[in-house]
Amino acid sequence: MKNIEVVVTGMGLITPLECGAGTEEFWRLLIEGRGAVNRVSLFDASPYSSDLAAEIRGVVIKPGRSRWASFLETALGGAIKDSGLRLDEIDSSRVGMVLGTVLGTIFDKEAAWRSGSAAGVSQGGLHLEAVNLAGLYGIHGPITTVSTACSSGTDAIGLAYRAIKAGHVDVVFAGGGDTLSEMAYSGFSSLHALTDTVVRPFDATRNGLAPSEGAAFLVLEERGRVEERGARIYGVIRGYASSADAVHMTAPDREGRGLTRAIRAALKEASKESVDYISAHGTGTPYNDLMETKAIKKVFGKGAYGLPVNSLKAALGHSFGAAGAIEAAACLMTMSTGSIAPTLNLESMDPECDLDYVPDIGRQACVKSTLSISAGFGGQNAAILFTSPGS
Amino acid sequence: MKRTIWITGVNVIDDTAELAEASQERTVFTEEALLIEAASLTIRQAARSGLKPAALAVGVDGVVEGWQETFFKRVLVDGPLGASPLEFPFTSPNALAARLSIRFEIKGESLTVTSGSLSFLKALVHAAELVRGGIAEEVLVGGVARGKVITLLVGSGQGEFCLEDFGELGGAEQSLYSIGESFGAFTRALGNVRSCEFSEQPIVSFGDSFGSSVYFRFSETSL
């Protein structure tokens, strides 16, 4: 690959925490230790094993737009504005987009299926929304939609990073988004993966996840052109890798071997042996959190015990294809502000999950490098490494 | 030094009746069975040359939506008991790539592209990028449409066709309106390489109705 540095110049997101009020508000609430998991109101959850989820409340859906598209538009618009990019001043054929999602327009499809109407049920809808967004913002470079379960957001950013690094494009908008849906809710309920109390990542009593929704986009650019226009740089992407467990359709490799390979490959690409902070996938399910802990220990050895590791999913729930992109934005905010967000609801330590998970109260720290890790159904794993602009 | 990228073991399967007799696999959906059968053929063909896939790239369109509808309508009728834990993973588009990774123990990168009619061809471009970038030596590429699949191997070893050049954008000679159509267009393009009298092979390009396009330039090897 050519010696091109890929930097992040803009972030935009919408999560159940700040409901689209902006990245700074999102970060303030997260650092304060606020959570957004509550009772489901979007559908009747009473027949299921839980009625908890994190919903984006009060969001205005434009006529003719799906819930999912509205989230994507909010996040992408916010990211472009934040970057200060003037799309009319650059070669739009060198601007691309990579969108990660799992279920896309499922919320609106469900409404149509419930009513027995075919309206709103479009085939190939996953890609149509990416195309619509590209049209809205005048993006004429390559547009790709990828779906790698709950690592979709991380993989989208990783693929965008590679496209710039290879010299195919100069700017890529990359991120992910998903909505809450009864289909996913019923499926996770059937797998006994929903919590009926609270999401407790890494806790001895953790008993499941809370489904969620949201979207996040990052603006990735080649460093040289960013410095020419004097734009702010949030961070530099130094390495990315993904892997497959090849073990089970829903459960992770219990020993975290696949995730270990992904983390090691990302570190190798970045020529780094360690990082200052890890944003874990941390779903709050028994298998995932233990698998991640094992992977981190395998990669970092004794150094793992001195590494702050957190999970945002106790606060935000699990937003599937959006999660990796939201957590990437949180990594960049961590480096920018020197604050690490807490892992909420962590009260009783699991003897096997014995790392520093930043329980309940956030902390100040000098963080110059971060690793964001994701895992998903089908044994998907992804790891992406950011450093601060000056390091 | 620029890596040479090869394509080998191209298989298209759409005969479900024949497959039902031949396949010993326990599968949930027809396309899953088709994909595993086609991938088995590709992997066996590649193994003759000592090649084994280490990564996956699968393009999917128009299949998973049907599975989602079936799954959800059963939930609407039967409530929580209608949600099958066996079928639930197949509501996620990456389920087919996951089945391949488990079945054939492929533990490297695994990407599922859901970019409409170009999904398979974009997966092929991605696979070629992995080989060119030295991230994987051999990548199993799949495409899945309703009742029809394609598989092939892209690698740095050896194969039937050399992929001289590839990429996205650049205008499209052929418009594709479905992913299934892309399987035929792609195999015809390879067939044309064999019958072409030119020493310099022309670029073939494919586009969708939204203005996206991909291009390839192949040549035939002496194998």
Side-chain angles (χ1 to χ4, degrees), chain A residues 1 47-49 93 96 101-104 106 109-110 113-114 121 123-128 130-131 134-135 140-149 152 155 159 162 166 168 182-184 186-191 241-250 257-258 261 265 376-380, chain B residues 55-56 60-62 64-66 68-69 71-73 75-76 79-95 97-99 101-119 122 126 129 132-135 167-169 179 208 210-212 214:
Chain A
M1 283 188 179
Y48 299 109
S49 57
S93 70
T101 187
V102 185
L103 297 172
I106 192 69
K109 283 180 183 171
E110 284 182 357
W113 290 331
R114 279 191 194 96
V121 183
Q123 295 296 313
L126 294 184
H127 191 54
L128 281 177
V131 170
H140 295 115
I143 303 160
T144 304
T145 310
V146 297
S147 190
T148 51
S152 297
D155 283 322
L159 294 171
R162 282 184 184 164
H168 299 326
E182 187 174 354
M183 190 183 76
S186 65
F188 281 108
S189 178
S190 75
L191 294 172
S242 71
S243 69
D245 283 347
V247 168
H248 194 271
M249 288 298 284
T250 54
R257 284 171 285 230
R261 287 195 298 275
F377 266 15
Q380 299 274 172
Chain B
L56 270 167
V60 185
D61 191 49
V64 178
E65 289 89 340
Q68 291 171 346
E69 183 172 358
F71 180 91
F72 188 67
K73 286 187 171 171
V75 172
L76 287 180
L81 292 177
S84 158
L86 191 65
E87 292 182 9
F88 177 53
F90 288 88
T91 62
S92 178
N94 76 317
R99 280 291 278 127
S101 80
I102 294 166
R103 173 65 180 77
F104 300 106
E105 295 187 341
I106 300 169
K107 297 182 177 180
E109 301 217 349
S110 173
L111 182 73
T112 297
V113 180
T114 53
S115 291
S117 59
L118 291 182
S119 297
K122 278 182 173 251
H126 172 74
E129 291 279 9
R132 183 158 68 182
I135 295 166
E168 298 191 52
L169 299 176
I179 184 173
D208 64 12
F210 307 118
S212 291
V214 294

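Chain identifiers are assigned alphabetically (A, B, ...) following the order of the sequence lines, protein sequences preceding nucleic acid strands; residue numbering begins at 1 within each chain.
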Peer 1: When you compare the side chain of B:Leu118 with that of A:His127, does any pair of heavy atoms fall below 4.5 Å?
Peer 2: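 In short, these two side chains do not touch, never coming nearer than 4.5 Å.
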Peer 1: Of the backbone (N, CA, C, O) and the side chain (C-beta and beyond), which part of A:Val247 lies under 4.5 Å from a heavy atom of chain B, both, or neither?
Peer 2: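 Backbone only.
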Peer 1: Do we see a donor-acceptor contact under 3.5 Å between the side chains of A:Thr148 and A:Asp155?
Peer 2: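 Per modelled atom types, A:Thr148 and A:Asp155 side chains form a pair under 3.5 Å.
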Peer 1: Please flag which part of B:Lys73 lies under 4.5 Å from any non-hydrogen atom of chain A: side chain, backbone, both or neither.
Peer 2: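 Interface part for B:Lys73: side chain.
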Peer 1: Go through the atoms of A:Thr250 and report whether side chain, backbone, both or neither lie under 4.5 Å from a heavy atom of chain B.
Peer 2: side chain
Peer 1: For chain B, which of A:Gly378, A:Ala184, A:Pro142, A:Ala246 has the most heavy-atom pairs under 4.5 Å?
Peer 2: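 The option with the most such pairs is A:Ala246.
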Peer 1: Counting only non-hydrogen atoms closer than 4.5 Å, does B:Arg99 touch chain A with its backbone (N, CA, C, O), its side chain (CB onward), both, or neither?
Peer 2: both
Peer 1: State, with a plain yes or no, whether a side-chain heavy atom of B:Lys122 is found less than 4.5 Å away from one of B:His126.
Peer 2: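 Result no, sub-4.5 Å side-chain heavy-atom pair not found.
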Peer 1: Is it the backbone or the side chain of B:Leu76 that comes under 4.5 Å from a heavy atom of chain A, or both, or neither?
Peer 2: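 Only the side chain of B:Leu76 comes within 4.5 Å of chain A.
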Peer 1: With a 4.5 angstrom heavy-atom cut-off, could you sort out which part of A:His168 is near chain B: side chain, backbone, both or neither?
Peer 2: side chain
Peer 1: Please classify the contact of B:Glu129 with chain A as side chain, backbone, both or neither, using a heavy-atom distance under 4.5 Å.
Peer 2: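 For B:Glu129, side-chain heavy atoms alone lie under 4.5 Å from chain A.
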Peer 1: Can you tell which part of B:Val75 gets under 4.5 Å to a heavy atom of chain A, answering side chain, backbone, both or neither?
Peer 2: side chain
Peer 1: Need one label for A:Arg257: side chain, backbone, both or neither, based on atoms under 4.5 Å from any heavy atom in chain B.
Peer 2: neither
Peer 1: Please report the shortest heavy-atom distance between B:Gln68 and A:Leu103, naming the atom on each side.
Peer 2: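 That closest heavy-atom pairing would be NE2-CD2, 3.4 Å.
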Peer 1: Which residues pass the ring-ring contact (aromatic ring centres under 6.0 Å, His included) test with B:Phe104, sequence neighbours left out?
Peer 2: none
Peer 1: Can you tell me if A:Thr144 and B:Ser115 form a side-chain donor-acceptor pair at under 3.5 Å?
Peer 2: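 Absent: no donor and acceptor within the cut-off.
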Peer 1: Please check if the side chain of A:Ser243 supplies one atom and the backbone of A:Gly258 the other of a donor-acceptor pair under 3.5 Å.
Peer 2: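 Yes.
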